[in-house]
Enquirer: 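Okay, handing you the structure first.
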Amino acid sequence: MVIQEIRTIVTCPGRNYVLVKVVTDEGLYGVGEGTLNGSELAVAAAIEQASGLLIGRDPAQIEDIWQLMYHWTYWRGGPVFAAAIGAIDIALWDIKAKQAGMPLYQLFGGKVREGVLCYEHADGGDPVEVEDSVRSYLEKGFKVVRAQMGPYGGPGMVRHEPPMREGIPGTSFFDPAPYLTSTPKLFGHLRSKLGDLVELCHDVHEQLTPTEAAWLAKALEPFRLFFLEDPLRPEYKESFRRVREASTTKLAMGELFTSRWDCLPLFQNQWIDYIRFAPMHVGGITEARKICAMAEPFEVKTAHHGAGDLGPIAQAASVHLDMTIPNFGVLEWVDFPSAAYEVMPGACVCRDGYAHPHERPGIGVDIDEALAKKFPYQRAFMPIVRKTDGSMHVY
Ligand code: MG
């Protein structure tokens with residue numbers, strides 16, 4: 001069996017997704033995903049370019065193909081290449097599991113747990129609204145809930161300007177002071193109303209300086225967070241020492257990490273408790289399994305990224321992996337736009353706060369290519385955030 005064709009599908013059933021179908025000469029195919037918000041076309045181009053190197057190769061040689069794709073560019077690394085490798089790698093694992101006639105998780109040693117614990121996103125304009133939102137997820141069975149005032153920075157986003165022209169995002173202006181002072185008050189309110197045992201986390205969205213992040217982690221310490229998510233920019237790894245030493249608030253980091261080398265210093269120094277990369281964004285399942293194993297002896301658990309930055313195939317890759325690794329922690333869970341479930345039928349389901357993979361051979365998700373064509377790519381960018389003086393924020 002050899003790889004005959006690699007089809008890249010960029011589709012927007014509610015939001016943009018980068019999908020691949022790796023087709024073999026025997027008709028068997030695998031599906032993968034390399035969605036990278038705001039850079040979808042760059043990933044699609046990287047997959048197209050790599051395809052020329054992969055046609056005619058044995059799809060069973062997943063490790064060798066991973067090494068080839070990582071090293072052939074010479075200018076290796078970075079989110080675009082990592083997502084392109086990730087898309088093809090997931091598709092190759094799908095082929096292998098279909099060949100074996102087993103659900104993908106069986107190839108990683110089988111289940112070690114009954115389901116994958118998930119956390120959902122609660123938000124609102126004030127603490128009472130956030131409390132109501134948290135309660136709505138608890139009623140749905142979620143055991144862990146992320147609590148935010150506003151989706152990005154909440155009270156810290158002090159004003160918004162409309163886009164300079166149609167088709168590009170508007171600009172938000174961030175002031176850390178109202179964000180820093182309101183966030184501990186939010187968790188004080190939630191603890192007083194919901195009690196001490198509800199598991200709550202909070203996402204900083206990489207918006208703080210090391211000193212600000214250390215201040216916030218310390219201020220939140222009395223409220224026993226499940227974790228504080230992405231407190232610093234991904235470039236500031238050494239600064240985790242400062243945040244770590246400021247408090248015992250558990251720290252999660254890494255939804256923007258794209259390689260094992262991003263993760264390693266945080267593991268070796270035990271500066272974090274949870275690692276957040278999505279398997280798709282570090283080069284797929286092959287590399288994700290290795291990074292998870294690297295994390296294990298340092299008592300770092302996983303909290304794979306699962307927000308709107310990825311779709312049902314990338315999510316299924318996380319769920320299959322999370323069923324099998326001893327140091328799984330929690331999975332970020334967000335429902336997709338309804339049309340995405342039709343374009344990618346077979347998405348994993350979440351029941352009572354736990355995700356479950358399907359038992360079909362392979363990853364369990366498919367791509368309806370004809371339907372995908374009805375949802376063409378829509379130009380989209382990530383939000384623009386500036387400081388209150390108008391200069392760019394390091395978001
Ligand atoms: Mg996040």
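Counting starts at 1 for both ligands and their atoms, following the listed order.
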Enquirer: Under 2.8 Å from the Mg ion (ligand 1), which protein N/O/S atoms are there?
Expert: D203 OD2, E229 OE2, E255 OE1
Enquirer: Please confirm whether the ring centroid of Y137 lies under 6.0 Å from the ring centroid of W333.
Expert: no
Enquirer: Hey, can you tell me if Y105 and H320 have their rings parallel, tilted or perpendicular (30° and 60° cut-offs)?
Expert: parallel
Enquirer: Between R135 and E131, is there a salt bridge with N-O shorter than 4.0 Å?
Expert: yes
Enquirer: Relative to each other, are the rings of H202 and F187 parallel, tilted or perpendicular (30° and 60° limits)?
Expert: perpendicular
Enquirer: If only atom types and distance count, is the side chain of D309 paired as donor or acceptor with the main-chain N or O of N37 below 3.5 Å?
Expert: no
Enquirer: Between Y354 and K143, is there a cation-pi geometry (under 6.0 Å to ring centre, at most 45° from the normal)?
Expert: no
